[in-house]
Colleague: 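Before anything else, here's the structure in question.
Per chain, numbering begins at 1; letters A, B, ... match sequence-line order.
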Amino acid sequence: MEKYDPQKIELKWQEYWDKNRTYKNYNREKRFYVLDMFPYPSGEGLHVGHPKGYIATDVFARFKILQGYSVLHPMGFDSFGLPAENYAIKNKIHPKIAVEKNIATYQKQLKAFGFTYDWEREIITSDPEYYKWTQWIFLKMFEKGLAYESNEPVNWCPSCKTVLANEDLEKGSCERCGSRIVQKKLRQWVLKMTAYADRLLYDLDNENLNWEEMIKEQQRNWIGRSEGVQFEIKIKNSEEKIEVYTTRLDTVFGMTYAVVAPEHPILERIKDGIKNFSEIKRYLIQAQNKTELERMELQKEKTGVKLEGITAINPFTKEDIPLFVADYVLGFYGTGAVMAVPAHDERDFEFARKHNLPVKEVVKKPETKNEKNSGEKTDGAFTEDGILASSGEYSRLTSENARGKMAEWLEKNNLGRKKVNYKMRDWVFSRQRYWGEPIPIVHCEKCGTVAVPENELPLKLPEVKSYEPTGTGESPLANISEWVNTKCPKCGGSAKRETNTMPQWAGSCWYYLAYLMRGVSNLPAGQMNLQFPISSYKGEFDRWLPVDLYIGGIEHATRHLLYARFWHKFLYDLGVVSKKEPFKRLIHVGLVSGEDGRKMSKRWGNVVNPDDVISEFGADAMRLFEMFMGPFTQEVHWSTAGVNGSRRFLERVWKLQDKITNRKTEVARKKIEKLLHKTIKKVTEDIENFRFNTAISQLMILINEIEKEKELQTADCELLIIILSPFAPHIAEEMWFHLGHKESVFLQKWPRHDPALTKDEKINLAVQVNGKVRDIMAVDADISEDEAGKSAFAREKIKKWTAGKEIKQVIYIPGRIMNIVVG
RNA sequence: GGGCGAGUGGCGAAAUUGGUAAACGCACAACACUUAAAAUGUUGCCCUAUUUUUAGGUUGAGGGUUCAAGUCCCUCCUCGCCCACCA
């Protein structure tokens, strides 16, 4: 047998699979759609962490192919957006050229792994043939009133010189460059994601999504639904009133003041009645100049000013209460105004203490028998539910009951109503950058905002010399007058094009559909041609959706995964797709950090390039190692020595070929056959449950055992090759052909274990005395309790511990343990 | 502050879901092969005592339930991730 030489065999089989279209069996009855979160092609290339998820999907894809499914496993590139553009600016290359170059690098790196990707379906989000559809979906949203213009203050990154969505922030800073965000009023395009808030929440639990609970929870928190009551507080001696929102209406008798946010419109309306208006004005300017971050850093310090001369009335108690303006109340949430109950809200408590406002306790902790009732007021607010006190007719009710009754009273008197609020905001969808999809809208003086007609799509991104961001709040496109100045599609008069572009995330909202659309076109690889109308793709959508398995990083939990679900639901409403949810099963890939435990980055010099690993150890060894490192969803540290271990394992597998024989040596055969079937069972179950590490350790156990034998039956070797093949496809294929086969191992059937063979006839039964293992007996697996007891008591080691003692109890769990309890 | 998750050898980890803790691998050590090294093979490798055997201890700490706890319950400690003035 010649030496195991991955360099030689891996390239050979990659070419073979490609040429023979080994994985493209799209006409089988059962189908399975495996999807990776596609990368954005940065200039750095891949490091060894990136492929971990791709290896897992590849293992799964091969497993499903072997189980007889048509498996769709596509790959593409998310090439619009800031990473590509910033790279281009830094290196003074046009983004388009940079993207082409980086994609070539990525492809080369990915292909070295021998993945099952169907490159004929590759998509690139910055390709006009692709983004004409991104634009089309936007136009549909515009048509349905879900894309609208807004002038609300938005997050502005002074370094990236663009606005950002809430989802793009990290602790009040730009997620990409770390710069502090400032609030800026700019005309923006916004998508009405909040219109889908309820469905985005509800369907998480009601569409049989096999998602990790952690990700569902993150989305729930992000959507942030809360049920409460909105009611009005009148201003004394005035027609004016403010609406407040609360989830704790039960505490309303404890309201000792009310607060409006600095942005609240009432301040302008009642300014003549405010005696200290100049002071208020100063405060508003001060508040406006605070950045998001400052607002948060100073959160302990609650500032605010009383509106002198203004009195509000608590609708329940009819008491006069003061009104404040304070920036701890957020202008964009709820009504931008709150009732303040210092006794039962920590923020209000803090504010009240600072401004010497009364604290009125109206909810008491229910008394429990054993608890000492000290009667002392605790230092802080009591924020839990309890029993009402000093609340008029509502006293003695539980918080929950009181909330219901109080809301009824408000409704009856036409003062308020139940209201659901969400933390999630509408999606700020425009960017003042060059490298993105142009928003297909024309501004006409006469007709207003007008959609670019469908047959003019794609609205191509014009070529420019200078694509650097301007910082003026306008995109670089605004400087190209021949592009900007156009005719109104409606009236034919002169009009100007929208110059903002779409955000990073737009293209990835529907890409899993584009792969399916690519299946319809018969054009050669690399040529996208996705023709209108969308209905011509319905058959493909219905056949393949939803995506059966989706793997990617956890950082997308509240960004891409939320946006894509939103778009999918919109497309569902349009009748484009027939399923409510796009991704049926979702698993996140745990990060691979550097050998030093730090995040892999140029800065630490701990980046490992997969090309180097593959050329030293082979793609199979690398694949195997990344699946063996630890539980898939967990963070792991890279270890080059560990890859070497996987390589050693493959060398040993390779050497088994010297033992292959067809002679019958029954005893050895039996032993290996049993272990083989146990391994089939475990590997099958483990792949299904994404426990690749234990699947591989079981394969190692099997190999260790076979090594001890002199011979290996051909039939057993074949089964071994098949169950190893998803992890190490190249060596498996090579060994498969060595056995004389003329057809790929991936056209074989995944074996089923024989249940009779996975059962042991003899087992080692542990015998405990008082819970401590004192002996281990080799017995028949189906030994009866009587017999097991007899043999146990006959054994010296057991006698030693039971002699002269009263046997109180004997517990026997067949196949597991016997515990003798003595007194 | 809120939510989610995790703590097991020198390291990555496993444990049939309440039933022999440390499988499998990495690193390390000794030996064999070799002039030597690498590679490979064999053996050892949680802690303490001891004489190969054996006994005791051990899953972040403490308590509880149970014949039996890494696994279930309570209290506490540490770490990670996400969200964070959301009324």
Side-chain angles (χ1 to χ4, degrees), chain A residues 170-172 212-222 224-226 228 244-249 251 259 261 295-296 298-302 326-330 332-341 344-348 350-351 383 421-425 554-555 557-558 588 590-591 624-625 628-631 633-646 648-649 651-652 655 682 685 691 693-704 707 764-776 797 800 808-822:
Chain A
E170 220 162 63
K171 297 192 169 134
E212 288 172 278
E213 193 51 37
M214 174 177 62
I215 301 181
K216 283 190 184 178
E217 197 57 30
Q218 279 190 32
Q219 290 213 350
R220 283 188 203 109
N221 290 342
W222 187 264
R225 180 190 156 98
S226 75
V244 297
Y245 175 75
T246 181
T247 55
R248 291 299 306 274
L249 187 60
T251 65
V259 193
R295 245 170 115 147
M296 283 191 299
L298 300 171
Q299 64 179 266
K300 296 246 156 60
E301 191 74 19
K302 296 226 173 339
D327 68 0
Y328 80 88
V329 172
L330 305 170
F332 54 78
Y333 184 76
T335 59
V338 299
M339 68 173 202
V341 185
H344 304 293
D345 182 283
E346 272 164 28
R347 293 152 303 180
D348 297 343
E350 212 179 294
F351 190 82
T383 57
N421 262 328
Y422 298 93
K423 285 190 208 176
M424 187 175 78
R425 322 241 43 88
I554 187 74
E555 67 275 15
T558 53
H588 86 273
L591 194 76
L624 200 68
F625 173 66
F628 183 62
M629 294 170 89
T633 56
Q634 194 178 295
E635 178 179 336
V636 284
H637 298 174
W638 178 257
S639 157
T640 300
V643 194
N644 194 28
S646 294
R648 265 203 298 258
F649 169 71
E651 298 271 7
R652 287 164 53 209
K655 283 184 192 149
K682 180 140 181 70
E685 288 168 1
R691 294 188 300 241
N693 54 334
T694 50
I696 292 166
S697 72
Q698 181 64 36
L699 285 166
M700 288 170 169
I701 292 169
L702 175 66
I703 301 304
N704 290 347
E707 273 185 341
N764 291 325
L765 186 72
V767 183
Q768 299 180 326
V769 178
N770 284 356
K772 282 197 197 310
V773 179
R774 295 304 182 186
D775 201 1
I776 289 165
K797 284 179 183 170
K800 187 175 144 196
K808 287 189 167 166
Q809 202 182 350
V810 176
I811 288 128
Y812 175 57
I813 310 294
R816 296 199 179 160
I817 211 155
M818 169 169 280
N819 189 8
I820 300 164
V821 186
V822 298

Colleague: Is the shortest distance from a Lys or Arg side-chain nitrogen in Glu651(A) or Arg648(A) to a carboxylate oxygen in the other one below 4.0 Å?
Modeller: no

Colleague: Taking only the P atom of each, what is the distance from G3(B) to U75(B) in whole angstrom?
Modeller: 14 Å

Colleague: In whole Å, I'd like the distance from the CD atom of Glu212(A) to the P atom of A6(B).
Modeller: 12 Å

Colleague: What is the distance, to the nearest angstrom, from the CD atom on Gln698(A) to the C1' atom on C24(B)?
Modeller: 9 Å

Colleague: How close or far is atom C1' of C26(B) from atom CZ of Arg648(A), stated in whole angstroms?
Modeller: 8 Å

Colleague: Taking G63(B) as the reference, what is the distance to A69(B) when you measure between their P atoms (whole Å, please)?
Modeller: 14 Å

Colleague: With syn defined as a glycosidic torsion within 90 degrees of 0 and anti otherwise, which applies to U51(B)?
Modeller: anti

Colleague: Which whole-number value in Å describes the distance from Ile215(A) CD1 to G5(B) P?
Modeller: 13 Å

Colleague: Figure out the CZ/C1' separation between Arg691(A) and U16(B), and round it to whole Å.
Modeller: 10 Å

Colleague: Can you measure Phe649(A) atom CZ to U40(B) atom C1' for me and round it to whole angstrom units?
Modeller: 17 Å

Colleague: At less than 4.0 Å, is any side-chain N or O atom of Arg774(A) found next to OP1 or OP2 of A68(B)? Yes or no.
Modeller: no

Colleague: Side chains of Ile811(A) and Gln768(A): does their closest heavy-atom pair fall under 4.5 Å?
Modeller: no

Colleague: Okay, side chain of Asn770(A), backbone of Val822(A): is any donor-acceptor separation there less than 3.5 Å?
Modeller: yes

Colleague: Suppose we call a contact any N or O donor and acceptor under 3.5 Å apart; does that hold for the side chain of Lys808(A) and the base of C67(B)?
Modeller: no

Colleague: Taking only the P atom of each, what is the distance from G18(B) to C26(B) in whole angstrom?
Modeller: 32 Å

Colleague: Check whether any side-chain nitrogen or oxygen of Lys772(A) sits under 4.0 Å from OP1 or OP2 of G57(B), and answer yes or no.
Modeller: yes

Colleague: Enumerate, in order of first residue number, the stems that involve RNA chain B, defined as 3 or more consecutive Watson-Crick or G-U wobble pairs with both distances under 3.5 Å.
Modeller: B:1-7 with B:77-83, B:10-12 with B:24-26, B:28-32 with B:40-44, B:46-49 with B:54-57, B:60-64 with B:72-76

Colleague: Just by modelled atom types, is the Val341(A) backbone N or O under 3.5 Å from a matching donor or acceptor in the Arg248(A) side chain?
Modeller: no

